[in-house]
Amino acid sequence: MEATSALLTDLYQITMAQGYWDANRGTEEACFTMFFRDYPFKGGYAVACGTAQLAELVEDYRFSDDDIAYLRTLAAPGGGPLFAEDFLAYLADFRLTCDIDAVREGTVVFPHEPIVRVTGPIMQCQLIETALLNCMNFQTLIATKAARVCRAADGRPVAEFGLRRAQGLGGVWASRAAVVGGCASTSNVLAGRMFDIPVSGTHAHSWVMSFPDELTAFREYARIFPKNCVLLVDSYDVEQGVKNAITVGLEMRERGERLAGIRIDSGDLAWLAKMARRMLDEAGLDDCGIVLSNDLDEHTIKSILDEGAPVSSWGVGTKLATAYDQPTLGGVYKLSAVREPGQKEWTNRLKISESAAKLTMPGVLDVRRYYHDSGTIAGDMVFDVTRPVDEREVIVDPVDDMRQKRLGGLRFETLLHPLAREGRVVLDAGERSAMRARDRAAAGLETLDETQLRMLNPHTYPVGLELGLHERRRELVAKLRGIV
C-alpha cells in the first residue's frame with residue numbers, strides 16, 4: 001500500500017463523489033480555495049510549503065484494484081454495500097482532469113488569502129481535498145516554525161534532527177519543510193536522498209558510553225572521522241568532557257587535522273557554552289565551534305543568545321519537527337464558485353455560518369502582492385480573476401470592513417501559479433527543489449518590516465478583499481440571509 005493512494009482521504013469525500021455521480025452532477029465545474037484564518041505561533045507570517053508533495057499526489061492519483069476491492073467491502077450502516085458497483089467501476093478508470101494553482105513553496109503568506117486554488121469537475125475537486133490539506137497544513141506549519149527558529153538563531157546554522165520524535169513517516173516531509181523554512185541541514189538521511197537536501201550529524205551519548213572511558217571514545221571517533229568530528233561532551237560531566245575534547249583536539253592538530261566542534265545537550269546551555277568557549281580559547285582551539293541542542297525552540301535560542309552565549313550552530317529536534325506549541329495550521333478548503341459545463345460565467349458561492357470569522361470569500365480567487373519602492377511589501381489584495389479590479393485598488397479587511405487601504409500606483413505581482421493543468425502536473429524539477437524554496441523564503445522574509453517579524457505581538461500585515469469583491473460578498477450575504 002502506498003501513501004499516494006487515492007484512499008488517502010476522508011470517507012465523506014468518496015460518499016459525496018458517489019452522490020455527485022449518481023445525481024449527474026459529477027461534471028459540474030467548481031472552484032475551491034485553500035486558506036488559513038489565523039497566524040501560526042502567534043507570529044506575523046507563515047511560509048507556504050507542501051506543493052511538491054501535492055504534485056506527487058496528483059501525478060499518482062488513481063484507485064488501484066486493491067483500493068476498489070476494499071471499497072467494495074464497506075457496508076452502509078443501514079445494511080448492504082455502501083458504494084454502488086457502477087460507481088466503483090467508474091472509479092477504477094478515474095483520472096484527474098482539474099486545474100490546480102498554488103503559491104510557490106517558500107512564499108511568505110498570510111491569513112485569509114488563497115494559497116491553493118482548484119478548479120474542475122466538482123467531484124474531482126472534492127476527492128483531492130483531504131490529501132491537499134494534509135500536505136499544505138502540516139508542511140506550512142513546520143516551514144513556518146523553522147523560519148522562526150532560524151531567525152532567532154541570528155545567522156547561525158540550524159540543523160533539524162527531530163525524526164525520532166516526529167509523527168511517523170510524516171517526519172520525512174517535516175525534515176524537508178524545515179529546510180524550506182531555513183534550516184541548513186537535517187539528520188534525516190531518507191529526506192536527504194529523496195529531496196536532495198544537506199544532511200548532518202556525528203554521534204550520540206551511546207557512542208561514549210560504549211567505551212571504557214570518554215577520552216578513548218573521543219579519540220576513536222576523531223580517528224575514524226577526522227573531517228567530521230564534533231564531540232558530544234555532556235555524557236558524564238561537561239567540564240571534564242570539554243577537557244577530554246581539548247586533549248583530542250590538540251592531538252588532531254598535531255596530525256594536521258581539526259576538531260570541528262563540541263556539542264552540549266543538557267544543563268544550563270548558556271553558562272556551559274561560555275565556560276566551554278573560555279576553556280577552548282585558553283587551549284588555543286579558538287577555531288573549535290560550539291553546538292547547542294536539547295529541546296530548543298525560537299524562544300530558548302533567543303534567550304541563550306541574549307545572555308551572550310558564544311554559539312556556532314544549533315541542533316533543533318522535537319519542538320521543530322512536531323510544531324510542538326501548535327499542532328495544526330488550521331487551513332480550510334472552501335467552495336467559492338460553480339458553473340455548468342461549457343458555460344463561461346461562474347456563479348459565486350459563500351459559506352456564512354453563525355460565526356463571522358468563518359465567512360468565506362466568493363469567486364475564482366487570486367492574490368496580488370504590492371511592493372513599496374524600498375522593496376518591502378505593502379499589502380495583499382484578494383481578487384476575483386473573472387472580474388476587473390477597481391481602479392482605486394483599495395483593499396478591505398475581510399473581518400473588519402472599517403479597515404481599508406489604498407494600494408494603487410504600487411508595483412505588484414500575482415501569487416498563484418500553475419501546478420497542474422487538466423490533471424497533469426506542470427511544475428518542473430526546479431520548482432520542486434527544497435533548496436530553491438529555502439532561498440525564496442529567505443528573500444520573502446527580507447521584504448517584511450521588522451515589526452512583522454518580531455516574535456512578541458508582531459504588527460499585522462494588511463490583507464484585504466478587492467473593493468468590488470468586498471461589495472459582491474456583502475450583497476451575497478444579504479441575499480442568503482433574506483435581507484434583500
Side-chain angles (χ1 to χ4, degrees), residues 1-10 13-14 32-37 40 46-62 96 98-109 113-120 124-147 160 163 166-181 186 188 190-191 194-195 197 320-323 326-334 415-420 423-427 429 431-434 436-438 440-441:
M1 183 177 64
E2 298 181 357
T4 53
S5 166
L7 296 189
L8 183 64
T9 190
D10 295 304
Q13 308 289 12
I14 308 178
F32 285 77
T33 54
M34 185 219 163
F35 60 96
F36 59 96
R37 296 189 176 101
V47 175
C49 190
T51 55
Q53 186 184 16
L54 177 59
E56 285 191 9
L57 288 166
V58 170
E59 286 175 330
D60 298 330
Y61 195 92
R62 60 186 53 83
L96 289 176
C98 53
D99 293 345
I100 302 176
D101 296 86
V103 299
R104 293 190 169 110
E105 281 194 309
T107 300
V108 176
V109 292
E113 60 188 24
I115 58 178
V116 183
R117 184 182 71 218
V118 181
T119 54
Q124 297 189 22
C125 297
Q126 204 81 70
L127 281 171
I128 66 172
E129 172 184 358
T130 301
L132 183 153
L133 287 172
N134 181 269
C135 294
M136 299 300 300
N137 272 325
F138 176 61
Q139 292 181 55
T140 297
L141 193 69
I142 300 299
T144 305
K145 185 68 170 178
E160 179 277 322
L163 179 61
Q167 285 86 349
L169 289 177
V172 175
W173 289 98
S175 295
R176 182 185 182 279
V179 170
V180 170
T186 177
N188 188 333
L190 178 58
M194 288 176 61
F195 309 125
I197 56 180
L320 172 51
T322 67
Q326 181 172 327
T328 181
L329 178 67
V332 294
Y333 180 86
K334 298 299 181 182
L415 297 189
L416 298 188
H417 300 274
L419 185 148
R424 298 179 63 87
V425 173
V426 295
L427 286 183
E431 286 301 320
R432 302 194 201 194
S433 165
R436 180 178 290 187
R438 184 176 71 176
R440 184 178 295 116

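These numbers were taken from a predicted model, which means no experiment stands behind them.
By the 6.0 Å contact criterion, CZ on R37 is enclosed, its count of non-hydrogen atoms from other residues, nucleotides or ligands being greater than 12. Remark: L190 CG is packed, more than 12 non-hydrogen atoms of other residues, nucleotides or ligands lying under 6.0 Å away.
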inquiry  = Would I115 and F35 count as a side-chain contact (heavy atoms from CB on, under 4.5 Å) here? Give the steps.
reply    = CA-CA 6 Å; I115 58 178; F35 60 96; 5.7 Å; no

task = Given side-chain contact (heavy atoms from CB on, under 4.5 Å), test T144 with L329 step by step and report yes or no.
result = CA-CA 10 Å; T144 305; L329 178 67; 5.9 Å; no

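For the residue pair T140 and A46, the shortest heavy atom distance occurs at CG2-CB, 4.3 Å. Taking each heavy atom of L141 and A323 in turn, the nearest pair found is CD2-CB, 3.5 Å. The two residues A52 and R432 come nearest to each other via the heavy atoms CB-O, 4.3 Å. Heavy-atom minimum distance, G50 versus Q139: CA-OE1, 3.5 Å. Shortest non-hydrogen contact noted between G170 and F138 is O-CE2, 3.4 Å. When every heavy atom of C98 is checked against every heavy atom of G120, the shortest pair comes out as CB-CA, 4.1 Å.
If you take OG on S433 and CZ on R176, they are separated by 7.5 Å, rounding to the nearest 0.5 Å. With values rounded to the nearest 0.5 angstrom, L320 atom CG is found 8.0 Å from K145 atom NZ. The CD atom of E59 lies 10.0 Å from the CG atom of L54; values are rounded to the nearest 0.5 Å. Here the CG atom belonging to D10 is positioned 7.5 Å from the CD atom belonging to E129, to the nearest 0.5 angstrom. To the nearest 0.5 Å, atom CG of residue L427 and atom NE2 of residue H417 are 10.5 Å apart. In this structure, CD in Q124 is found 11.5 Å from CZ in F32, a value given to the nearest 0.5 Å.
Salt bridge present: E431 and R440 bring a charged side-chain N and a carboxylate O closer than 4.0 Å.
In this structure the side chain of M34 reaches within 4.5 angstrom of the side chain of Y333, judged on heavy atoms. Within the 4.5 Å cutoff, the side chain of N134 has no heavy atoms near those of the L57 side chain. Considering only heavy atoms from C-beta on, V58 comes within 4.5 Å of L96 through its side chain. Under the 4.5 Å side-chain criterion, counting only non-hydrogen atoms from C-beta, V103 is in contact with L416. Contact check for T9 versus L127: no side-chain heavy atoms found under the 4.5 Å cut-off. Here the side chains of T130 and L8 are not in contact, with every heavy-atom distance at 4.5 Å or above. T51 is not listed as a side-chain neighbour of R104, based on a closest heavy-atom distance of 4.5 Å or more. Counting heavy atoms from C-beta on, the side chains of V180 and I142 never come closer than 4.5 Å.
No hydrogens or angles considered: nothing links the side chains of E56 and Q53 as a donor-acceptor pair under 3.5 Å.
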